[in-house]
Amino acid sequence: MKIHEYQGKELFRQAGVPVLDGVVATTPDEAAAAYDKLGGAIAVVKAQIHAGGRGKGTIIDDPKQHGVVLAKSADEARAAAAGLLGKKLVTIQTGPAGQTVNKVFVEAGCDIARELYLGIVLDRAAAKPVLMVSTEGGMEIETVAENTPELIHKEHFDPAVGLEAYQVRKLCKKLGISGAAAKAAAKFMPAMCRFYVDSDCELAEVNPLVITGDDQMIALDAKITFDNNALFRHPDYSDLRDLAEEEESELRAGNAGLSYVKLEGNIGCLVNGAGLAMSTMDIIKYHGGQPANFLDVGGSANSEQVTEAFRILLSDPNVKGVLVNIFGGIARCTTIAGALIEASKTVGFDVPLVVRLEGTEVEEGRKMLAESDVDVINATDITDAAKKIVAATGV
Ligand code: ADP
Ligand code: MG
């Protein structure tokens, strides 16, 4: 689960991670009032979307309007907000369709001496969180990782202990930080690591982490993703959720207890079991097709879930064919076949449907499908299924 920059910064503040004052606004007038409230000469109006790269990103049809705008008066703040609110911002992380800006964050201007990078993720191989810092702040960290990986410095830390003082000193040396700024780092870095663990983050990224003219360390950006598996420990996070930022089909799937991830291709996949879903996507690609989604209906899918799964699949206009790949283990093939027949009555299939059934009660399941009105292309195994759906969708 992702949250907005302004929300992340409020959590930072509570966790003792220094941030600047700022006010969130949903109208140009609110943005102007926010500028006045901040009381400084310079403020920055920042589009709030669940994607990074806003500074370099631009509004669709208005290439001069970037997602982060400097304002030197209340009128400038109002104009900046008017140029962003209700418009679609395209960044390297949004895809070409962009994301609608519903809120802006008006933040005090910062006297930036240096822009650094700080990010914390879970390193599964090491089974520990890892703090990464770099002198290359403000840049795409993926680009830095690819071109100059030696400029990214890492320290793993024990979640129970946190980041230790010697680790901060090591990183400061690598970043060329000393004196008052190093003192600021000795507070900032462990506080961020503690925040990461206590909040059950998957990712906590501060890019840029700035050193100001007077040697303070401040989080100028905040990108936070919580671990969905830990959400039950944080009921308060539901207030932070912005459903407008989430893929509608993924929300629907979540409500129906289905694991669904929308992808770019045109072959809808309905599969039971995450491993089988992964192999199904792989084999579709191997035979030259592109999956439109990952969808795991789970081991014990019922008729309602399968019907809802078809509704979700077919609501994607890119879907030109559907591959159903079921291995009946706990879920019986007869249940799935019955659900398929039900779904075809309520949803109606107007795209080719390839079905591969295997496992418990497979003969009865196939018979049910054969005797039904559902127009099915039968497949004998997973390779056959992939070839048939790729042929049927004409890619
Ligand atoms: P994004 O990563 O989405 O582009 P950032 O929050 O990192 O958005 O902002 C982009 C750039 O804008 C920063 O690298 C920084 O140079 C500048 N910036 C952001 N906030 C402020 C601020 N409060 N004061 C001055 N400059 C800022
Ligand atoms: Mg940033």
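Ligands are counted one by one from 1 in listed order, and the atoms in each one are counted from 1 as well. Keep in mind it's a predicted model, so treat the numbers as computed, not measured.
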Query raised in the report: In terms of the angle between their ring planes, are Phe226 and Tyr237 parallel, tilted or perpendicular, with boundaries placed at 30° and 60°?
Result: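 The rings of Phe226 and Tyr237 lie parallel, inter-plane angle below 30°.
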Requested in this report: Indicate yes or no: at least one non-hydrogen side-chain atom of Pro190 is less than 4.5 angstrom from one of Val168.
Outcome: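 Sidechains of Val168 and Pro190: in contact.
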Looking at [X] and [Y], would you say the former's side chain and the latter's main chain have a donor-acceptor pair under 3.5 Å?
X	Y	value
Gln216	Thr212	no
Thr360	Gly328	yes
Thr393	Val390	yes

Query raised in the report: Tell me, which residues have any heavy atom less than 4.0 Å from some atom of ligand 1?
Result: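 Contacting ligand 1 under 4.0 Å are Leu20, Val44, Lys46, Gly52, Gly53, Arg54, Gly55, Val68, Glu107, Ala108, Gly109, Cys110, Ile112, Glu115, Asn207, Pro208, Leu220, Asp221.
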Query raised in the report: With respect to the Mg ion (ligand 2), what is the nearest N, O or S atom of Asp221?
Result: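 Checking each N, O and S atom of Asp221, the shortest distance to the Mg ion (ligand 2) belongs to OD2.
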Requested in this report: Using a strict 4.0 Å threshold on nitrogen-to-oxygen distance, state whether Glu164 and Arg169 make a salt bridge.
Outcome: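 Looking at Arg169 together with Glu164, the answer is no, because their closest N to O distance does not fall below 4.0 Å.
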Query - Note: Asp381-Lys387 ion pair, threshold 4.0 Å (strictly below) - result: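 No salt bridge links Asp381 with Lys387.
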Query raised in the report: Quick check: does Glu205 have an N/O/S atom under 2.8 Å of the Mg ion (ligand 2)?
Result: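 Here the distance criterion (N, O or S atom, under 2.8 Å) is not met by Glu205, so no.
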